[in-house]
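So the structure is just underneath, and the comments pick up after that.
Atoms within each ligand, like the ligands themselves, are counted from 1 in listed order. Every value quoted in this text rests on a predicted model; they were computed, and no experiment measured them.
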Amino acid sequence: MKRAIISDVHGNLEALRAVLADIDRERVDAIVCLGDVVGYGPNPCECVQLVQDRCSLVILGNHDQGALFDPDGFNSGAERAIRWTRNQLEMHDRLPRNSANRLSDFLGELPRTRSDGDIMFVHGSARRPLDEYVFPEDIYNPLKMEHIFELVGRYCFQGHTHIPGVFTTSPEFLSPGVSAGETEVAMDLPQGKAMVNVGSVGQPRDNDPRSCYVILEDDRRVRFRRIAYPCEVTCQKIHAIGDLDNFLGDRLLVGR
Ligand code: ZN
């Protein structure tokens with residue numbers, strides 16, 4: 001069994017297309033998306049449609065939820081982006097020809113968590129699937145890690161922080177650190193439990209502007225792949241939309 005696991009597309013169509021093209025070359029059996037398909041980026045509708053077409057499982061993220069219901073707990077720039085995103089979805093859904101495939105219906109029905117055997121898929125964490133962050137520095141908070149690991153069967157795949165890596169029960173954080181000259185780093189998952197953050201397709205924040213996603217092979221080996229995409233195109237689109245802060249485009253160029 002070979003699966004691709006993507007997360008945090010954030011309305012970035014150029015990144016999503018580049019990642020899906022790479023996934024096509026990998027010939028996977030299934031694609032899983034861990035949420036935040038929208039929010040921040042300039043192409044929310046196109047990204048929701050592509051994810052809907054290509055992924056066999058999609059989990060709800062906090063930005064997807066924010067675009068559907070009242071955004072809560074976001075800073076003002078993020079909230080403005082979410083309101084703009086909601087408008088885009090509403091305009092799409094209002095067209096008669098789209099009545100059979102309303103994007104807001106699709107997003108509204110997404111599950112917050114899903115398990116396949118002892119493998120779990122969430123956006124944030126096993127404890128609070130929608131919105132809890134598990135950052136690399138949380139290994140210095142063993143109580144938090146212990147509580148979350150108690151809820152993990154064996155492996156939990158998650159996103160939300162946009163920082164890829166593997167958390168072990170030690171607790172330890174293993175960063176894949178794919179250098180500029182490489183396209184991937186492979187890791188064998190530990191015999192015990194692990195949480196795997198798959199990174200972000202549409203807004204990487206680990207100082208590498210390339211999209212990040214994970215290939216899971218035979219439920220034990222992960223390959224973190226980094227895919228270059230035309231981020232300056234996405235950046236220009238964001239600059240041209242008044243409701244999206246320029247910063248949301250500029251950060252794509254540096255991956256922060
Ligand atoms: Zn996100």
Side-chain angles (χ1 to χ4, degrees), residues 4-16 18-19 31-48 50-51 55 57-69 71-86 88-89 103 107 110-113 121-136 138 156-165 167 195-214 224 226-227 229 231 234-235 238 244-245 247-252 254-256:
I5 308 173
I6 66 174
S7 191
D8 295 273
V9 172
H10 283 293
N12 185 334
L13 184 60
E14 290 71 30
L16 180 58
V19 163
I31 308 176
V32 174
C33 175
L34 302 181
D36 276 7
V37 182
V38 304
Y40 300 135
N43 291 105
C45 299
E46 295 83 349
C47 288
V48 174
L50 252 185
V51 162
C55 299
L57 170 62
V58 185
I59 300 289
L60 182 74
N62 58 317
H63 281 261
D64 308 316
Q65 149 121 343
L68 296 175
F69 308 104
D72 200 23
F74 295 95
N75 64 44
S76 69
E79 191 178 319
R80 213 147 42 86
I82 283 174
R83 291 190 188 283
W84 178 84
T85 300
R86 179 188 301 187
Q88 299 300 303
L89 296 173
L103 303 180
L107 290 176
L110 296 180
R112 290 166 184 242
T113 167
F121 301 100
V122 298
H123 179 65
S125 81
R127 184 166 63 177
R128 277 170 38 207
L130 195 63
D131 59 6
E132 182 170 45
Y133 290 99
V134 184
F135 280 112
D138 283 326
C156 183
F157 286 83
Q158 57 203 45
H160 197 36
T161 64
H162 302 204
I163 298 174
F167 294 91
M195 297 183 227
V196 182
N197 193 303
V198 302
S200 170
V201 168
Q203 198 192 84
R205 290 182 197 156
D206 59 344
N207 301 312
D208 184 341
R210 295 175 295 176
S211 293
C212 185
Y213 81 96
V214 157
F224 289 89
R226 299 307 295 236
I227 311 300
Y229 74 94
C231 52
T234 319
C235 177
I238 291 173
L244 301 180
D245 277 351
F247 163 70
L248 295 173
D250 299 337
R251 71 187 305 177
L252 299 179
V254 287
R256 307 178 48 174

task: Look at the side chain of N12 and the backbone N and O of G41, then say whether any donor-acceptor pair between them is shorter than 3.5 Å.
output: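 Not a single qualifying donor-acceptor pair exists.
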query: Is the closest basic N to carboxylate O distance between R205 and D8 below 4.0 Å?
result: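 No, R205 and D8 are not salt-bridged.
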Mutual orientation of the aromatic rings belonging to H10 and H63 [parallel < 30°, tilted 30-60°, perpendicular > 60°]: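 The rings of H10 and H63 stand perpendicular, inter-plane angle above 60°.
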message: Only N/O/S atoms count here: what is the atom of D8 closest to the Zn ion (ligand 1) called?
response: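 Distance check against the Zn ion (ligand 1) picks out OD1 in D8.
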task: Check D36 and report its N/O/S atom nearest to the Zn ion (ligand 1), by atom name.
output: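 For D36, the N, O or S atom at the smallest distance from the Zn ion (ligand 1) is OD2.
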- prompt: Do the non-hydrogen side-chain atoms of D36 and D64 ever get within less than 4.5 Å of each other?
  reply: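 Of all side-chain heavy-atom pairs linking D64 with D36, at least one is under 4.5 Å.
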- prompt: Quick check: does H10 put an N/O/S atom under 2.8 Å from the Zn ion (ligand 1)?
  reply: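 It does; at least one qualifying atom falls short of 2.8 Å.
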Contact check: H162 to the Zn ion (ligand 1), N/O/S below 2.8 Å: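 Checking the Zn ion (ligand 1) against H162, an N, O or S atom does fall under 2.8 Å.
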